[in-house]
Protein chains: 2
Amino acid sequence: MDDTPWLDPEERATWFVLARASSRLLERLDAELTEAHDLPLADYEILVSLALAGCDGLRMSELADRALSSRSRLTHRVNRLVERGLVVRAACETDRRGAFARLTPQGRDRLEAAAPCHVAGLRRNLLDHLDRDDQAALRRALGKVRDALGDDLEPLPGMAAVREALRAVPADAGHAGRP
Amino acid sequence: MDDTPWLDPEERATWFVLARASSRLLERLDAELTEAHDLPLADYEILVSLALAGCDGLRMSELADRALSSRSRLTHRVNRLVERGLVVRAACETDRRGAFARLTPQGRDRLEAAAPCHVAGLRRNLLDHLDRDDQAALRRALGKVRDALGDDLEPLPGMAAVREALRAVPADAGHAGRP
DNA sequence: ATGCGATAGTTCAATCTTCAACTACATCCG
DNA sequence: CGGATGTAGTTGAAGATTGAACTATCGCAT
């Protein structure tokens, strides 16, 4: 490590632009969503994951993975979502240590209301500035980085699938329910 | 906004890979630096900015910009660095609202000790996986995004410049000193 | 000069995250 | 079976971040 050469200007620029662009982007998306829907990006991503899981809900640890959150952070955050009535917990039948989180109808509504804002923000702040080649190059390059970092979650299905899954959430969920 | 089309699978993948790669990367770099040198990445970046500013130090707001930190966050963080003896504050002569932060010799040592670890982490977790074309494409694409987000800080000079600047920090700094 | 809006930075309280226990259950192996 | 070890998730306290309010100063226009 001590014989690692310093970065050359291009390497520095690569790191620099990645750090700054992603940080600013996340900051902006979070601010927009929070401002318009009182829903921090972290909560939005929890809701999306739960929506995709449909009425089965998702294990806490699975959810933590998807939301890039530590377990304990997720516990607290889900608590707040439960207080807000957007999520409910359910016990797991087959593994009694386990806990599921599941979207409530209010959670589903909240998510449906916020989704266009998020997508618009993504276009306005990210995608609109990238042509097809830029996007392909980004996916290629960052895909390799992600692999090297041992992150192997597959990309999410889109809003169509979310809506599909959401249709399966019965309008009266929120109390008891399937594990 | 409500007529914004949903993302297609490639757009989703672009966003997904950017979010996950950058988040995991930052997490990893922070963990490595904290583990090995008890210096969170956020603090490391403050120290680098201060080192590049040499013995003049840097205005708090300028430093906040460079460290991607809110003003209030920076105030707290610099307080902790001051408690640790790595940084000192100094008043600004020409604008008495202003405050400068400046590296102490201990801060300089800390930074010099940690820098190889950070560079090695950057190589191992990011740069080693990208060929020249990948890097150029990343800079092109994310440069556009960064511009669109209104972030216009120019890339930092490298460790050579840091060392250069550090040489200018007198060995007995840390008490009074230039604004 | 003087008053007014802008700017630099800090402070304080509320909120959020972290980290290290801790509980409870599962699984493995003899 | 039964004890050891591992895994899922929560808890609670300490520490960090946020955002609004606040202090102090600046710079400009009158």
Side-chain angles (χ1 to χ4, degrees), chain A residues 23-24 26-35 38-46 49-50 53 56-84 86-102 179, chain B residues 23 26-28 30-35 38-46 49-50 53 56-84 86-102 179:
Chain A
S23 150
R24 293 286 199 207
L26 271 313
E27 183 180 63
R28 179 73 61 93
L29 292 172
D30 183 61
E32 288 177 1
L33 219 38
T34 301
E35 162 90 17
D38 189 24
L39 198 64
L41 187 55
D43 284 353
Y44 179 85
E45 302 205 308
I46 289 174
S49 293
L50 291 181
D56 290 341
L58 217 52
R59 286 292 284 266
M60 289 301 277
S61 40
E62 179 69 10
L63 186 51
D65 251 26
R66 295 185 188 271
L68 288 164
S69 178
S70 73
R71 272 135 201 253
S72 141
R73 174 148 106 101
L74 185 71
T75 293
H76 292 304
R77 207 156 253 290
V78 165
N79 283 343
R80 281 168 241 140
L81 288 171
V82 168
E83 279 164 27
R84 295 226 266 157
L86 307 184
V87 165
V88 279
R89 283 168 200 278
C92 175
E93 301 285 310
T94 63
D95 179 346
R96 276 187 304 189
R97 296 167 302 181
F100 280 82
R102 198 156 38 77
Chain B
S23 150
L26 270 314
E27 184 178 63
R28 180 73 61 94
D30 183 61
E32 288 177 0
L33 219 38
T34 300
E35 163 89 19
D38 189 25
L39 198 64
L41 187 55
D43 285 353
Y44 179 87
E45 301 205 308
I46 289 174
S49 293
L50 291 181
D56 291 341
L58 219 52
R59 285 291 284 266
M60 291 299 279
S61 40
E62 179 69 9
L63 186 51
D65 249 27
R66 295 185 188 272
L68 287 165
S69 178
S70 74
R71 274 133 199 256
S72 144
R73 174 148 108 101
L74 186 71
T75 293
H76 292 306
R77 212 157 247 291
V78 166
N79 283 344
R80 279 168 243 141
L81 289 171
V82 168
E83 278 164 29
R84 294 227 268 158
L86 307 184
V87 165
V88 280
R89 283 168 200 278
C92 175
E93 301 283 313
T94 61
D95 179 346
R96 276 187 304 190
R97 294 166 302 184
F100 279 82
R102 197 153 42 74

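In what follows, chains carry the letters A, B, and so on, assigned in the order in which the sequence lines appear, proteins first and then strands, with residues in each chain numbered from 1.
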Would you find more than 12 non-hydrogen atoms of other residues, nucleotides or ligands less than 6.0 Å from Arg80(B) atom CZ? yes
For Arg71(B) and dT10(C), what is the distance between atoms CZ and C1' respectively, to the nearest whole Å? 12 Å
Base of dT7(C) paired with side chain of Arg97(B) (donor-acceptor, under 3.5 Å): yes
When the distance from CZ of Arg96(B) to P of dG9(C) is rounded to whole Å, what number comes out? 15 Å
Using the six-membered ring of Phe100(B), assess whether NZ or CZ of Arg89(B) lies under 6.0 Å from its centre and within 45 degrees of the ring axis. no
Of Arg77(A) and Gly98(B), the one whose closest DNA chain C nucleotide lies more 5': Gly98(B)
Distance in angstrom units between Arg59(A) CZ and dC25(C) P, rounded: 13 Å
Euclidean distance, atom CZ of residue Arg80(B) to atom P of dT10(C) [Å, nearest integer]: 13 Å
Is a side-chain N or O of Ser69(A) found less than 3.5 angstrom from the main chain of Asp65(A), in a donor-acceptor match? no
Want to settle it: does Thr75(A) or Thr34(A) sit nearer the 5' end of DNA chain D, counting the closest nucleotide to each? Thr75(A)
Spacing of Glu62(A) atom CD relative to dA8(D) atom C1', expressed in whole Å: 13 Å
Does His76(B) get its side chain close enough to the base of dG15(D), under 3.5 Å, for a donor-acceptor pair? no
Which whole-number value in Å describes the distance from Asp95(A) CG to dA24(C) C1'? 10 Å
I'd like to know whether Val87(A) forms a side-chain contact (heavy atoms from CB on, under 4.5 Å) with Arg102(A), so could you lay out the CA-CA distance, the side-chain angles of the two residues, the decisive distance to 0.1 Å, and finally the verdict. CA-CA 6 Å; Val87(A) 165; Arg102(A) 198 156 38 77; over 6 Å; no
Would you sort out whether Arg84(B) and Asp38(B) count as a salt bridge (charged side-chain N to carboxylate O under 4.0 Å, His left out), showing the intermediate values? CA-CA 11 Å; Arg84(B) 294 227 268 158; Asp38(B) 189 25; 3.4 Å; yes
Closer to the 5' end of DNA chain D via nearest nucleotide, is it Ser72(A) or Ala42(B)? Ser72(A)
Tell me the interatomic distance from Arg73(A), atom CZ, to dT15(C), atom C1', rounded to whole angstroms. 13 Å
What is the distance, to the nearest angstrom, from the CG atom on Leu58(A) to the P atom on dA8(D)? 14 Å
Quick check on dT10(C): is either OP1 or OP2 less than 4.0 Å from any side-chain nitrogen or oxygen of Arg89(B)? yes
